[in-house]
Protein chains: 2
Amino acid sequence: MAGDSRAQRPPERTGPCARWPADKGDTIRQIVERAGDKWAVLVIGALENGPVRYKDLQHSVPGISQRMLTHTLRQLRRDGLVTRTAYPEVPPRVEYALTALGTTLLDAVTALIDWAGTHHDEITRNRARFDSEAAGR
Amino acid sequence: MAGDSRAQRPPERTGPCARWPADKGDTIRQIVERAGDKWAVLVIGALENGPVRYKDLQHSVPGISQRMLTHTLRQLRRDGLVTRTAYPEVPPRVEYALTALGTTLLDAVTALIDWAGTHHDEITRNRARFDSEAAGR
DNA sequence: CCGTATCCTTGGAGATACTG
DNA sequence: CAGTATCTCCAAGGATACGG
């Protein structure tokens, strides 16, 4: 009916894809993407062995800018993955640490990194082959 | 006069952070980021139960654009995670399927999704608390 | 039906300077 | 020392139209 020439942008949500819980889908995606976020993963990794100060984090995660460090820490705090503790001293000292929840995420991410490490060579070979076939052929 | 007014992006690599293998670091990161890539994960999930045609993938992954579907499939093929099979018929038919390697990645990603599902409520609560504290206070 | 090529918008992310 | 505010740039991603 009503021949809508141009399907008017159905506000279709990400949709019931395959297997995941559709209701929580949005949040789940955000969380998974956090695990794929370069800076978030690096920061979490840097906190592995206990509390670290802001400044030290900048050194532990070399390429990161202040902006991104602050931003990432805020996200992680918001999700309850890290805690922030400010000591009322001079000079000011602030320490960040993983929560229990954060530690479990680190474990999950570590599993993924292990997978990547295990198949690293195979994937590199696959890419080389694919590229040469695409180019040369 | 070589006036590089603006420090020209030192090609500083991501650097020896924390714990991962520094040599393979770059590739590892790319692979992990693939697991955090929304579309890649959704496409892989859609391929879980055997080969799927291009057109059907568009429906299985609702929000995706042709551009991104094609692009994602190309990446996944390049890494050797999916295969492409074109049947010389009319109308043309092309099927994509997970490789053995792709299946193992799906497992790893599924673990992460499970983690997200398990802690979904807790994280949602954390966020709500954080936001209300930040705003109200 | 299966893609590729093109245009265009948006926000992610770096550099810099300033405040508590 | 620990952050915030502001500017800018670029590339990821959506819409669209066309080619095989």
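For the side-chain hydrogen bond (donor to acceptor under 3.5 Å, both in side chains) with A:D79, the qualifying choice from A:Q30, A:R34, A:R74 is A:R34, the only one to do so.
Per the geometry, CD belonging to A:E95 stands 13 Å off C1' belonging to D:dC1, to the nearest Å. Nucleotide C:dG14 holds its P atom 11 Å from the CG atom of A:L69, rounded to whole Å. Between the CD1 atom of B:I64 and the C1' atom of D:dA15 there is a distance of 14 Å, given to the nearest Å. One atom, NZ of A:K38, and another, P of D:dA12, lie 13 Å apart when rounded to the nearest Å. Summarising the geometry, the separation between CG on B:L57 and P on C:dC2 is reported as 9 Å, rounded to the nearest angstrom. Per the geometry, CG belonging to B:L73 stands 11 Å off P belonging to C:dC2, to the nearest Å. Atom CD in A:E89 sits about 10 Å away from atom P in D:dA2, given to the nearest Å. In this structure, CD of B:Q66 is placed 12 Å from P of D:dT16, rounded to the nearest angstrom.
Among the nucleotides D:dA2, C:dC1, D:dG14, the one closest to any side-chain atom of B:R67 is D:dG14. Nearest to the side chain of B:P92, among C:dC1, C:dG14, D:dG3, sits C:dC1. Out of D:dG14, C:dG14, D:dG3, the shortest distance to the side chain of B:S65 is found at D:dG14. Counting only heavy atoms from C-beta on, A:R74 has its side chain closest to D:dT4 among D:dT4, D:dA2, C:dA13. Listed nucleotides C:dC1, D:dG13, D:dA2 differ in distance to B:P91; the shortest reach to its side chain belongs to C:dC1.
B:Y87 comes within 4.0 angstrom of no nucleic acid atom, judged by non-hydrogen atoms across all strands.
Distances shorter than 4.0 Å separate some side-chain N or O of A:R53 from OP1 or OP2 on D:dA2. OP1 or OP2 of D:dG3 lies within a sub-4.0 Å distance of a side-chain N or O belonging to A:Y96.
B:L101 is not listed as a side-chain neighbour of B:L105, based on a closest heavy-atom distance of 4.5 Å or more.
Of all heavy-atom pairs spanning A:E48 and A:L98, the tightest one is CA-CD1, 4.4 Å.
If A:R84 and B:M68 are placed on DNA chain D by their nearest nucleotide, the residue sitting closer to the 5' end is A:R84.
Tracing side-chain contacts under 4.5 Å through hydrophobic residues (I, L, V, M, F, W, Y), one never reaches B:F130 starting from A:L81; they form parts of separate clusters.
For residues 87-118 of chain A, the set of pairs meeting the ring pair (Phe, Tyr, Trp, His ring centres under 6.0 Å) definition, not counting sequence neighbours, comprises A:W115-A:H119.
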